[in-house]
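Would you mind keeping the following structure in view while I ask a few things?
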Amino acid sequence: MKKIKVRAQTASRLSKARKATRIARAFASKGCDASSHSSLARAFSSANGAIFMPYVCCGDPNEKFTMHLVSALVTSGAGAIELGIPFSDPIADGKTIAAASGRALSGGMTPKKAIAIIAKIRKSGIEVPIIVMTYYNVVYAAGTSHFLSAIKAAGADGLIIPDAPIEESGSLRKLCKFTGIDFIQLITPNCSDSRLKKIASVASGFLYAVSVLGTTGARKNVSADAISLVKRAKGISRLPVAVGFGISKPAHACAFANAGADGIIVGSEIVNIYSKYVKGRKIDEKRALSAVSRFARKMANACTGKN
Amino acid sequence: MKRYFGKFGGQFVPETLVPALKDLEEAYTKLKHDKPFQSELSRLLATYAGRPTSLYFAKRLTAHAGGAKIYLKREDLLHTGAHKINNAIGQGLLAKRMGKTRLIAETGAGQHGVATATAAALFGMECDIYMGSTDAARQAPNVYRMKLLGANVRIVDTGSKTLKDAINEAMRDYTANFRTTHYLIGSALGPHPYPSIVRDFQSVIGAEARRQILAAEKRLPDCLVACVGGGSNAIGMFHSFFKDDTCMVGVEAGGDGRRHASRLTGKGKIGILHGMITYLLEDKHGQIADTYSVSAGLDYPAVGPQHSLLMEEGRVKYVSVEDKEALGAFHLLSKTEGIIPALESAHAVAYALLLAKKLDRKKIIVVNLSGRGDKDIDHVRKIEGER
């Protein structure tokens, strides 16, 4: 009797596994990844308009503030968090985030500590997707497989490596797929349609549309090229499209949401807002968090396409 | 063109730069075998830069060492004072053909900044040079030289305030302005296709040296010695000798012993920086380490990817020479031969002296004297005055 029950359970488990494989294959054939059926995909599909995805530089100016900042952003309407693990030479970042990374590093932030912070965020009950953003050398130095399983175990859902274009990300993508991490590829306004297609065919999670030619950093306006990039990407791929680099105002978020963007990523402007309250490794948390929360609420609202 | 040297090299850059680098690769591939382009380049190298440079038998230096014959490849005699002009004219001409109107570059010792500013003036282009504030302070004459040549010198005050940070800023500028701007990388490093392009433009050094030593000695040298920062003067010298039996030595900066820039002598690890996978110096968390050398041109935490391959293959031997040995060679060459070498090149001279002593008098060593020391005079006087 017992034996039969065990066998039945095994059979049911097997059939579930087979079903999962079928779903995975179906997704793969559509240019999606099975793992995007995870929390990232759910976050995009259940959103009303675009989701607000703020970037947080882990450890700027200290660990405690990072925890409180993430919590305040989520309370204010963030649908996902992009958590930056600082690197000494962030070539894709402009002055603001480069300075934030510098502060975090001089405060002693390390990849290990950042991964522990992800675990703490999860432990505090925050469930929105967490996407790790860092540079390739940080991952490589830790050992790629080791790094990926560590962030996965801590509770991260995706990974962005701005210095790993598709030609160099093959092994990273394979290991991410194996680990169950969405590897997010960037697309830019100067990508041809054929290159967009090529990138979309290997990307998972979402396409990260870079709205400017250049580095991260708050800009005053949204370019027509950026709007057209979102539209082109939506036309080419079934993957969600999140826009980032340069977005600093609710009007920007609104314009991209109306163009069809599924996510709006804001980094430098948030750093600009709270860094006014930074003194060395200390920060006037109360004022910094209330200023960031005000901004985040406006942005989250604008992401619905209404401004 | 090959993207990799063995497992080193590649194109680890933000997506924005991928199409820009593809354009560069296509333009270069076309012009590499374009007769009018190559003859224009040769004409400028001869009439403007002063090529060929001489291969000089350093008789008194040889006597001082008391061993193998030491020849100096006199890149220090070139216009602007270093081998950097070979690459600056080559890439400047390439940029002009690509329709770019502006050149940007990073500089450590200032020699590449001066060479790029010179090329910009020669070709009538705008020019911005990024330079770390530490380097700008120790190479002050070159800062003024660049300004005289019409370039904007942009002082970089982030990170270690040296060459690495100047490259970061230049890459950021290139990412934003690639449509009008060519990033004239000064060494055989960075993302593909730069390591190959810079090597090709510098390979004139070895091609000439090979002809010259055959004419002078009726045989090839036993050993080549060159300093390695990013590695362009070394790769330019070595390139024409890879098929020969000639031994080759790349000399890295040993700094003060504790702090250094020795990446290929067992202290470096494989990692990714400035668009390439190569040997570099980092901490255990993968953060790029601060390097130190008395010579700004060797003060860099990574190395051109081809050197990483040559080290692993054992084709080139890499050694390091400390500040005090380099300074010793700086003075010795000045007094014995009347040639004031750049502090970078003085590292190669210092190693050549050690090597010459070990070899018998029939052996021949060719040292690439990559630059002249005028730029270092104030700096050396200051540090030696302080002692």
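Protein chains get the first letters and strands the later ones, always in sequence-line order, with residue 1 at the start of each. These values consider heavy atoms only, across backbone and side chains, with no hydrogens, waters or symmetry-generated copies.
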- Message: Let's test your reading of the structure: which of A:Ser88, A:Ala98, A:Pro86 forms the most heavy-atom pairs below 4.5 Å with chain B?
- Response: A:Ser88
- Of the backbone (N, CA, C, O) and the side chain (C-beta and beyond), which part of A:Phe87 lies under 4.5 Å from a heavy atom of chain B, both, or neither? both
- Max heavy-atom pairs within cutoff under 4.5 Å with chain B, candidates A:Pro165, A:Ser192, A:Gly102, goes to A:Pro165
- Item | More than 12 heavy atoms of other groups within 6.0 Å of A:Lys234 NZ |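 Correct, the count exceeds 12.
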- Message: Please identify, among A:Ala164, A:Pro90, A:Ser169, A:Ser106, the residue contributing the most non-hydrogen atom pairs under 4.5 Å to chain B.
- Response: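 So the answer, after comparing A:Ala164, A:Pro90, A:Ser169, A:Ser106, is A:Pro90.
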- Query: Among residues 14-25 of chain B, which ones touch chain A with a heavy-atom distance under 4.5 Å?
  - Reply: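 Within residues 14-25 of chain B, the residues that come under 4.5 Å of chain A (heavy atoms only) are B:Pro14, B:Glu15, B:Thr16, B:Val18, B:Pro19.
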- Query: For A:Lys197, does the NZ atom sit with more than 12 other heavy atoms under 6.0 Å from it, leaving out its own atoms?
  - Reply: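 Open.
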- Task: Below 4.5 Å from any heavy atom of chain B, which atoms of A:Ile161 appear? Answer side chain, backbone, both or neither.
- Result: neither
- Task: Answer with side chain, backbone, both or neither: which region of A:Ala99 has an atom nearer than 4.5 Å to a non-hydrogen atom of chain B?
- Result: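 Neither part; nothing is under 4.5 Å.
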- Under the side-chain hydrogen bond (donor to acceptor under 3.5 Å, both in side chains) rule, what pairs show up with a residue in residues 107-117 of chain A, not counting sequence neighbours?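 As it turns out, there is no side-chain hydrogen bond (donor to acceptor under 3.5 Å, both in side chains) pair with a partner in residues 107-117 of chain A once direct neighbours are skipped.
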- Is the backbone N or O of B:Phe12 less than 3.5 Å from a side-chain atom of A:Glu168, with the two atoms forming a donor-acceptor pair by type?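 No; judged by distance alone, with no hydrogens or angles, the pair does not exist.
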- Message: I'd like to verify something: which residue of A:Gly214, A:Cys191, A:Ala92 has the highest number of heavy-atom pairs under 4.5 Å with chain B?
- Response: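 The answer is A:Gly214.
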- Message: Nearest 0.5 Å, please: how far is CZ in A:Phe245 from OG1 in B:Thr175?
- Response: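 Here the rounded value is 9.5 Å.
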- Task: Determine, step by step, whether A:Asp89 and B:Asp165 satisfy the side chain to side chain contact (heavy atoms under 4.5 Å, CB included) criterion, reporting the C-alpha distance in whole Å, the side-chain angles of both residues, the deciding distance to 0.1 Å, and the verdict.
- Result: CA-CA 8 Å; A:Asp89 296 81; B:Asp165 309 280; 4.2 Å; yes
- Which bit of A:Pro189 comes within less than 4.5 Å of chain B, counting heavy atoms only: side chain, backbone, both or neither?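 Contact with chain B involves no heavy atom of A:Pro189 at all.
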- Using a heavy-atom cutoff of under 4.5 Å, enumerate the residues of residues 176-189 of chain B that contact chain A, numbered in order, or state 'none'. B:Ala176, B:Phe178, B:Arg179
- Task: Say whether, by atom type as modelled, one donor and one acceptor occur between the side chain of A:Asn137 and the main chain of B:Ile272 under 3.5 angstrom.
- Result: yes
- Query: How far does CE of B:Met171 sit from OG1 of A:Thr215, to the nearest 0.5 angstrom?
  - Reply: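 Here the interatomic distance stands at 12.0 Å.
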- May I ask you to check whether over 12 heavy atoms, not counting those of B:Lys96, lie within 6.0 Å of atom NZ?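 Atom NZ in B:Lys96 is crowded, with more than 12 foreign heavy atoms closer than 6.0 Å.
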- Message: Suppose a student defines contact as a heavy atom less than 4.5 Å from any heavy atom of chain A. Which residues in residues 281-290 of chain B would they list?
- Response: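 Only B:Glu282, B:His285, B:Gly286, B:Gln287, B:Ile288 of residues 281-290 of chain B have a heavy atom under 4.5 Å from chain A.
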- Query: At what distance, to the nearest 0.5 angstrom, does CD of B:Gln11 lie from CD1 of A:Ile166?
  - Reply: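 Here the rounded value is 11.0 Å.
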- Item | Pairwise distance CD1(B:Ile270) to OH(A:Tyr140) - rounded to 0.5 angstrom |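 Between atom CD1 of B:Ile270 and atom OH of A:Tyr140 there are 5.0 Å.
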- Task: For the pair B:Arg172 (side chain) and A:Asp93 (backbone), establish whether a donor and an acceptor sit closer than 3.5 Å, ignoring hydrogens and angles.
- Result: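 Yes.
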- Contact part of B:Ile277 toward chain A, heavy-atom cut-off under 4.5 Å: side chain, backbone, both or neither?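 It is the side chain, since no backbone atom gets that close.
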